[in-house]
Amino acid sequence: MSRRAKESGATIIRYRGVVKRYGAFEALSGVDLDVHAGEVVCLIGPSGSGKSTLLRCTNALETIDGGAIEFEGAELPRDERALREVRRRMGMVFQSFELFPHLTALHNVAEGPRTVLQARRAEAENRARAMLAKVGLSDKATNYPAALSGGQQQRVAIARALAMEPDVMLFDEPTSALDPETIGEVLSVMKALADEGMTMVVVTHEMTFARRVGDWVAVFDAGRIVEQGPPRQIFDAPTTERTRDFLSHLGWHGETL
Amino acid sequence: MQVDLSVITDHWRFLAYGIGVTIALAAASGAASLALGFLVALARLFGPRWAKPAVVLYIDSMRAVPVLVVLVWTFFALPILTGLTMQPFVAALIGLTVHLAAYAAEIYRAGIESVRRGQTRASLALGMSRPQILRRIVLPQALVRMLPAFGSLLSITIKDTAIASVIAVPEIMRQSETLAGQSFQPIEVYSFAMLVYFLILFPVTRGVDRIYRRVAHLGRS
Amino acid sequence: MNLDWSVVAAHRGVLAAATGMTILLTVATMAIAVPCGIVVASVRLYAWAPLRAMATAYVELFRNLPLILLVYWAFYVLPIATDVGLSPFATGLAALALNVTAYNAETFRAGIGSIRRGQLEAAMALGMSRTQAVRRIVLPQAVRRILPVLASTWVSLFKDTSLVSVIAVPELAYVAMQIRAQTFRVLEMLTAMAAIYWLLGYPQAKLVDWIQRRYAVTE
């Protein structure tokens, strides 16, 4: 689906001139990007180019030093309590899964609703069961993370984020720590989510995913977006040298079927 | 509260003698327990079948019984059994060595077992014999890993020498007790003793940390 | 060498009471040193820099001094510092508690510090407050790492109670040695003393092993 068709949707996230520094090092040097409702926006680019940093600034795990990030029309608050409210409406999936090892899969997924949404135990667990079914892991509900494969753990992590019923899902290199065999099962879940209309911002190295599932792709380099556009443009007819360089370094010679 | 440091300066020779005894006792029992502990560890890992439970019993017993009890028994009870009289320093040396060797043996064992099996396999594939493997490949790596634990044990050894005061070994603690009793100035004397121990122990812990950081990469496989 | 083991049985009441005192000292010290250790560890982890420095100084000081010296020092200094005449029991307890608190503080600090930052972030990304995240996600994991070390500290403490014998606290070591002095039955009493410690200490050591196996952390 092209962006034009979806553009009638509301802007969920708006990044305006976002700057982030770590001491003397500038990780983000002025990033402008819009994420519309129902869109899948993929952030690609070399390591260290700022993609993950932007994601972590989105749910205020890091604070920005310049510019603004708007979520659902309002700038991200500074107050910690208000920020927590915002975080409840965003779901985040980490590269290292970060499942809670002392809880079963079911309790991992139920933890958000129980603790943050103050749901009753039965209700939280029902919701958790539904989410686990959604990612195809109903039979692993009573397993601890240590007994699950990487792909299974990541799917539980996705279920955990979904249990909060977020308005947008943030994925930080969700498949980078996975064995090749298990990458597919996680990408399938993500595609299914996209098909349902979830707004997603995905930092990824999986170019085939970005090409097939993404609605909009932003190419990062050294803290800036050097090119952004629909996947067709980025992958088939890039307009900037940097994008072409990046893609050729990855060995991207068009989509492999 | 009046503080009168002259009691320290007037008797510095007496106190210095105590420091010397502390260091001698710590060094001697430290070295002896390292040696004995090594033999015990080897017996456990590579010795005959009956050795393993015997060693485990010995090690667990030393974990169960206080140093004070070991020292007191060695000095007062052992001579009755053996018929030999024993100097306090010798009794302390024997008691401390036997007690500490148990902990040393555990450190050796954990260190040796922590070296990856692959290292042994690779060495065997090259055609090395088992003693060669132990000596040239496993032990060097294991020793680096054991360094922090041994540093900690050295610290404990020095602290345990103070317990030898109970069997009248003239180390720092005992000398301080005597001086404090005679001069009626326990606060100055014991505070001085605390300072001395701190000045000895603090560099030991810091020094071990620093050496370990420098050589840690040698132990990683 | 003529031995008379009946002296042990003859004094079994006194020895039992003394053993009870040893156990009491151990339990009471831990009861003080665990909460205090948590407080000191929290200061070292979260408080403002000058307080952090003081807490670190306290820990470094008490980990680098022999406990027996602390016992003597407490016996002579505390009455003057607090203007209160403390019983030998209280003095011994104070010295033990100061010592074990320092070790516990280090144990708690290292245990909490060893939990990956990502766990805290994942919890906060769900919308938890920092307090909620620490209480529900970080602490339960930290406890698994802390428990084995705490168990080991407990056994050391049990043995260290013997050191307060030097200020005449009527625990096992003191009482056994008193009986030895009165009856001149040196080998019998000292062996009995060692045996009682062994009987109490050996199962504790084995329990520590079991705890360490059960709570072994595999990342």
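We use all heavy atoms of the structure for the numbers below, so side chains are in, but hydrogens, waters and symmetry mates are not. Since the structure is predicted, the reported quantities are computational estimates derived from the model, not experimental observations. To find a chain, count down the sequence lines: A is the first, B the second, and so on, and within it residues start at 1.
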Subject >> For the student: nearest non-hydrogen atoms of C:Gln119 and A:Pro101, plus distance >> reply: OE1-CD, 3.4 Å
**OP:** Heavy atoms only: give me the nearest C:Ala122-A:Glu98 pair and the separation to one decimal.
**Re:** CB-CB, 3.6 Å
**OP:** Quick one: pull up CD in A:Glu111 and CE in C:Met128 and give me the separation to the nearest 0.5 Å.
**Re:** 4.0 Å
**OP:** Using a cut-off of 6.0 Å, state whether more than 12 heavy atoms not belonging to A:Lys191 lie near its atom NZ.
**Re:** no
Subject >> Spacing of C:Ile137 atom CD1 and A:Leu99 atom CG [to the nearest 0.5 Å] >> reply: 10.5 Å
Subject >> Pairs of heavy atoms under 4.5 Å with chain C: top-ranked of A:Val116, A:Asn59, A:Val86, A:Leu103 >> reply: A:Val116
**OP:** Check ring-ring contact (aromatic ring centres under 6.0 Å, His included) between A:Tyr144 and all other residues, then give those that pass, not counting sequence neighbours.
**Re:** none
**OP:** Could you tell me the separation between the CZ atom of A:Arg84 and the OG atom of C:Ser129, rounded to the nearest 0.5 Å?
**Re:** 4.5 Å
Original post:
Considering only heavy atoms, which portion of A:Phe100 lies under 4.5 Å from any heavy atom of chain C: side chain, backbone, both, or neither?
Top reply: both
Subject >> Inter-residue atom distance A:Met164.CE - C:Leu126.CG, 0.5 Å rounding >> reply: 6.0 Å
**OP:** Let me know if A:Glu80 has heavy atoms under 4.5 Å from chain C in its side chain, its backbone, both or neither.
**Re:** side chain
Subject >> Carboxylate-amine/guanidinium proximity below 4.0 Å for C:Glu121 and A:Arg56 >> reply: yes
Original post:
Do other residues, nucleotides or ligands put more than 12 heavy atoms under 6.0 Å from C:Trp73 CH2?
Top reply: no
Subject >> Polar side-chain atom of A:His102 near backbone of C:Arg144 as donor-acceptor pair, under 3.5 Å >> reply: no
Original post:
So how far is it from C:Met124 CE to A:Met92 CE, rounded to the nearest 0.5 Å?
Top reply: 12.0 Å
Original post:
Residues in ring-ring contact (aromatic ring centres under 6.0 Å, His included) with C:Phe62, at least two apart?
Top reply: C:Tyr58
